[in-house]
Amino acid sequence: MKNFKIFAGTASQDLAKKVAKILGISLGKREVVRFADGECRVRIEEDVSEINTWVIQSLCPPVDENLLELCLLGDTLRRNGAAKIFVAIPYLGYVRQDKVHRKGECLSAQVVAKILEEVGFEKMVTVDVHSQNVLNFYKIPAISVSATPAFASKAKGDKNFMVMAPDEGAIKRARELAKLVGAEVGHLEKDRDLITGKIKVKKIYGNVARKTVVIVDDMISTGGTLVLAAEVLKKVGASKIIVCATHPLLVKEAVGILKKSPLEKIIVTDTIPVPKEKQFKKLEIVSVAPILAKVLQEQS
Ligand code: R5P
């Protein structure tokens, strides 16, 4: 018997089940109900008094609903006498709003940190946070674990390959994978218009000609960054392009444009559930459950 219990939010039920299975425990029983007007009500259905508890919930779409549900779960655990309440957020939302990009904007990543702390969570664990800067907003211990080991075996096996960061923000992550599989690293210089969202590749660092290129990124949202990167890399002679991206948000037309793109394979993780209708042949899902199980065990 572990000395903690795990409760799953609705966005992370499958992943939480896998984590619990690895740890040899069952998920904590809870009820999550939505009223006709959209309001959420949660209830813990087992004794948690004097027990450390984890809530696992990704902040993927519907982001705000998932965030509030997470807060309600935390609150009810605290009210029911849990010794400590911790939170594991496999995909932490609002992370791209980690600075004031334009005058007058909200610092949303910090607001999320404040909300979670106010609920009473005493520790936050996430996977491949968009930028380390986000963790600095937390006064409680905030840890981001890397999903790279989940990708490593998939990115190996081809001698003539290199790892590519699609923008400067992804270089650290690309270096980590490159080190693990013994490949060289390149990166693209990308520019995004903050109002239209339009992306431009300004420069390519690294020689990709006749190589298998593994693009590493933290998330696929609209898919625009990856499709553009793939097109640019193909033009300069990359022979095969594979993607390792942690968080499959896959919003808007992402699935359609990724299917049509020159990308041969797109490997993502299960930090965000991908419904059947969004799954396609080129998409492969690897699990971060072993990584999360290990960190929950260590941090409990
Ligand atoms: C950007 O800074 C991120 O790391 C991702 O590259 C980006 O958010 C992906 O968004 P999209 O799929 O919409 O291009």
Side-chain angles (χ1 to χ4, degrees), residues 58-61 63 89-102 105 107-109 112 126-135 137 144-148 151 163-178 185-206 213-234 241-263 265-269 271-272 274 278-280 282-285 288:
S58 271
L59 300 186
C60 50
V63 189
I89 310 181
Y91 168 66
L92 182 57
Y94 281 104
V95 282
R96 282 172 291 178
Q97 298 180 48
D98 61 340
K99 47 175 99 79
V100 175
H101 296 278
R102 288 179 302 151
E105 275 179 1
L107 194 48
S108 314
V112 172
T126 186
V127 181
D128 279 350
V129 70
H130 177 64
S131 79
Q132 290 299 314
N133 194 24
V134 171
L135 303 180
F137 293 135
S144 174
V145 289
S146 168
T148 303
F151 292 124
V163 179
M164 179 65 66
D167 54 37
E168 278 143 352
I171 295 177
K172 196 171 161 250
R173 203 165 284 123
R175 282 200 186 120
E176 205 186 316
L177 181 66
V185 192
H187 78 270
L188 303 180
E189 201 178 309
K190 175 182 101 177
D191 207 22
R192 185 190 287 266
D193 186 310
L194 287 175
I195 298 164
T196 62
K198 238 181 146 169
I199 319 160
K200 259 197 320 228
V201 171
K202 285 162 67 184
K203 202 167 171 183
I204 305 170
Y205 294 85
V213 182
V214 182
I215 308 177
V216 174
D217 211 352
D218 60 334
M219 67 180 86
I220 310 177
S221 183
T222 63
T225 300
L226 289 176
V227 171
L228 180 66
E231 284 164 356
V232 168
L233 292 171
K234 261 284 179 217
I241 307 165
I242 295 171
V243 166
C244 291
T246 311
H247 309 296
L249 281 161
L250 301 175
V251 298
K252 290 189 168 172
E253 305 308 319
V255 170
I257 64 168
L258 289 168
K259 272 188 190 167
K260 280 193 267 160
S261 76
L263 294 165
K265 194 182 233 184
I266 300 155
I267 309 166
V268 296
T269 79
T271 56
I272 297 175
V274 182
K278 282 194 175 179
Q279 295 186 15
F280 53 103
K282 287 197 237 180
L283 189 79
E284 184 177 340
I285 304 171
V288 293

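Each ligand, and each atom within it, is numbered from 1 in the order the structure gives.
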Q) So, for Lys282 and Leu258, which heavy atoms are closest and what is the spacing to 0.1 Å? A) NZ-O, 3.0 Å

Q) For ligand 1, what is the set of protein residues having any non-hydrogen atom at a distance below 4.0 Å? A) Arg96, His130, Asp167, Lys190, Arg192, Ile199, Asp217, Asp218, Met219, Ile220, Ser221, Thr222, Gly223, Gly224, Thr225

Q: Name all residues meeting the salt bridge (charged side-chain N to carboxylate O under 4.0 Å, His left out) criterion together with Lys234; count only those two or more places apart in sequence or in a different chain, and write none if there are none.
A: none

Q: Please answer whether the main-chain N or O of Leu263 pairs with a side-chain N or O of Ser261 as donor and acceptor at a distance below 3.5 Å.
A: yes

Q: Determine yes or no for a side-chain-to-main-chain donor-acceptor pair under 3.5 angstrom, with His247 supplying the side chain and Thr269 the backbone.
A: no

Q: Could you tell me whether the side chains of Thr225 and Arg192 share a donor-acceptor contact shorter than 3.5 Å?
A: yes

Q. Under the salt bridge (Lys or Arg N to Asp or Glu O under 4.0 Å) criterion, do Glu105 and Arg102 qualify, and how do the steps go?
A. CA-CA 6 Å; Glu105 275 179 1; Arg102 288 179 302 151; 3.3 Å; yes

